[in-house]
Novice: 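Before we start, here is the structure in question, set down as structure tokens.
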Protein chains: 2
Amino acid sequence: MMGRVVKANERKTSRRAVYEVLRRQVLTMELPPGAALSENELAATLGVSRTPVRESLILLAEEGLVQVFPQVGSFVSRVDPVKVADAQFLREAVELAALDDLPAALDPAVVADLRSNVERQRRPGIDLEEFFALDEEFHHGLLRLSGHANAWATVVAAKGHLDRARRLGLYEADSPGTFVHQHADILDAVTRGDAEQARTAMRAHLRAVFDDVERIRARSPELFSSNSTTAPTRRSIAIWE
Amino acid sequence: MMGRVVKANERKTSRRAVYEVLRRQVLTMELPPGAALSENELAATLGVSRTPVRESLILLAEEGLVQVFPQVGSFVSRVDPVKVADAQFLREAVELAALDDLPAALDPAVVADLRSNVERQRRPGIDLEEFFALDEEFHHGLLRLSGHANAWATVVAAKGHLDRARRLGLYEADSPGTFVHQHADILDAVTRGDAEQARTAMRAHLRAVFDDVERIRARSPELFSSNSTTAPTRRSIAIWE
DNA sequence: CGACAAGTACTTGTATACCAGTACTGCTCG
DNA sequence: CGAGCAGTACTGGTATACAAGTACTTGTCG
């Protein structure tokens with residue numbers, strides 16, 4: 001048989017655009033936990049048909065950010081403390097393992113990016129969304145240093161619930177100053193080659209982020225899932241509108 | 001506003017069935033790397049419409065098991081050594097972190113399951129598919145011991161490429177005896193409470209699995225992606241039929 | 001015989017139509 | 001007035017129709 005060569009360039013699909021919009025709106029709480037997501041309504045709002053909307057909701061459901069109940073409706077998931085803890089564990093495992101795997105000679109370009117990143121985090125009156133973007137970039141950069149940048153995508157896909165909880169915490173804080181200091185500490189230890197201190201600083205940082213969740217949960221319980229036990233026998237949820 | 005209570009039971013959807021069938025066929029190499037997956041053809045074969053087939057392919061593409069090229073076609077991904085290494089790193093990070101987090105008192109029911117599992121792995125002439133199922137259950141059980149069973153789902157979603165490489169390795173081996181021994185070693189160390197030895201044994205086990213990949217790659221290079229460098233400037237692939 | 005170009009048969013992406021099923025509304029009847 | 005039940009307007013799941021685009025085929029011309 002002859003070899004058949006297939007060429008394809010990446011094209012703009014409306015599904016990708018819809019997915020990114022919806023995901024951002026869920027993570028930023030613009031679409032709050034519990035909100036109803038009607039496929040028809042979203043399609044009309046976004047100016048597309050149900051198909052790309054539906055496919056986006058399926059992907060978001062796979063990430064745990066949306067719950068789809070056949071013949072009933074689709075809803076933004078409440079923040080599930082169990083999933084927050086799961087994401088915390090996964091993230092800590094990956095980021096600490098990466099620190100264990102740092103090469104002797106760090107990529108100077110990446111190190112420069114990280115330094116610049118921390119500097120920008122220090123800007124007074126920084127916007128929260130901007131800080132989050134820098135924070136993501138910082139942690140991603142640390143993984144790049146160890147050559148495991150690709151693992152970040154898996155962490156990102158799993159930590160949606162954690163991100164929403166973090167956002168809740170930061171919205172109530174005056175400034176993300178504490179976290180900026182922790183970032184600087186981690187980077188300092190890494191560049192000094194002090195792996196043990198880097199691990200300690202990273203663990204303290206991630207745990208500090210995690211500890212915020214319980215505080216927020218006490219203040220805004222309606223945003224959290226009430227599935228206290230492992231698995232409910234009946235798949236039932238209550239929506240307050 | 002009044003509280004609105006929504007009840008919904010989980011229903012059978014053909015999409016879930018199609019997804020599971022396709023995923024199994026990809027992981028077992030029944031659909032080999034590089035195979036063309038026509039949505040129309042699959043729909044006709046499975047007796048459903050394009051919609052559930054298409055939605056399943058989107059999910060598989062998200063896992064990296066399938067590549068979709070708009071207006072060109074969908075294909076089973078070749079085993080990407082980079083993704084195999086990524087999955088290996090992720091898995092090792094998670095499973096070792098779980099061993100660090102074992103409680104003082106292990107759940108005796110889970111321990112009994114693990115012992116029974118290893119015994120069944122020892123059965124002579126064991127079928128390969130059965131061994132894989134037991135292997136999955138074994139590692140999942142170890143995560144359960146540390147209370148991080150949910151992290152297994154994330155690992156599973158990320159390790160599709162690794163699993164296919166492993167399967168290739170075992171298909172050529174006479175028996176999975178070496179791995180069974182390693183499983184037994186890990187379980188022994190865990191039940192003895194020797195966390196350090198458990199970590200060592202686990203690391204050796206996972207690395208042994210990983211080392212098989214290069215051997216297989218040398219023997220069956222056509223099943224592997226040839227993206228030697230980081231990112232190709234053109235999204236082009238070659239299919240041999 | 002070979003190169004080039006129009007045609008054709010596919011591909012996936014999107015839009016729409018229909019179906020099964022759920023939850024709320026409001027009428028009816030006790 | 002209240003409880004119960006039928007009606008109705010929604011939901012998401014699936015099937016189908018159409019559109020945009022790619023790669024191979026084949027006819028034509030030099």
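Keep in mind the model is a prediction, meaning the values are calculated, not measured. What's counted below: heavy atoms across the whole structure, side chains too, no hydrogens, waters or symmetry copies.
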Novice: Sequence neighbours left out, what pairs pass salt bridge (charged side-chain N to carboxylate O under 4.0 Å, His left out) with at least one residue falling in residues 59-76 of chain B?
Specialist: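 Every salt bridge (charged side-chain N to carboxylate O under 4.0 Å, His left out) pair that includes a residue of residues 59-76 of chain B, provided the two are not neighbours, is B:Arg23-B:Glu63.
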
Novice: Please enumerate all residues that pass salt bridge (Lys or Arg N to Asp or Glu O under 4.0 Å) together with B:Lys159, with sequence neighbours excluded.
Specialist: B:Glu136, B:Asp163

Novice: Please give, in whole Å, the distance from C:dT22 C1' to A:Phe75 CZ?
Specialist: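 Going from A:Phe75 (CZ) to C:dT22 (C1'), I get 11 Å.
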
Novice: Does atom CD of A:Glu41 have more than 12 heavy-atom neighbours, drawn from other residues, nucleotides or ligands, at distances under 6.0 Å?
Specialist: no

Novice: Taking the six-membered ring for Trp, are B:His139 and B:His205 parallel (under 30°), tilted (30 to 60°) or perpendicular (over 60°)?
Specialist: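 Parallel: the ring planes of B:His139 and B:His205 meet at under 30°.
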
Novice: Ring-plane angle category for B:His140 and B:Trp152, please: parallel below 30°, perpendicular beyond 60°, tilted otherwise.
Specialist: parallel

Novice: Which of residues 46-58 of chain A sit near DNA chain D, with a heavy atom under 4.0 Å from it?
Specialist: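 By residue number: A:Arg50, A:Arg54.
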
Novice: Whole angstrom is fine here: how far is it from CG in A:Leu37 over to P in D:dG13?
Specialist: 13 Å

Novice: Looking only at side-chain N and O atoms, does B:Asp135 offer a donor or acceptor that is under 3.5 Å from a partner on B:His183?
Specialist: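 A pair is found: one side chain offers a donor N or O, the other an acceptor, under 3.5 Å apart.
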
Novice: Measure the distance from CD on A:Gln71 to C1' on D:dG13 and round it to the nearest whole Å.
Specialist: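 To the nearest whole Å, that distance equals 6 Å.
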
Novice: Looking only at side-chain atoms of A:Pro70, point me to the closest of C:dT22, C:dT11, D:dG13.
Specialist: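 Taking heavy atoms from C-beta onward, the closest nucleotide is D:dG13.
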
Novice: In this structure, how many angstroms lie between the C1' atom of D:dT16 and the CD atom of B:Glu39, rounded?
Specialist: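 From B:Glu39 CD to D:dT16 C1': 14 Å.
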
Novice: Under 4.0 Å between a side-chain N or O of A:Ser74 and OP1 or OP2 of D:dG12?
Specialist: yes

Novice: Starting at CZ of B:Arg15 and ending at P of D:dG13, how long is that distance when rounded to a whole Å?
Specialist: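 Rounded to the whole Å, the gap is 7 Å.
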
Novice: Would you say D:dT11 has OP1 or OP2 under 4.0 Å from some side-chain N or O of A:Asn40?
Specialist: yes

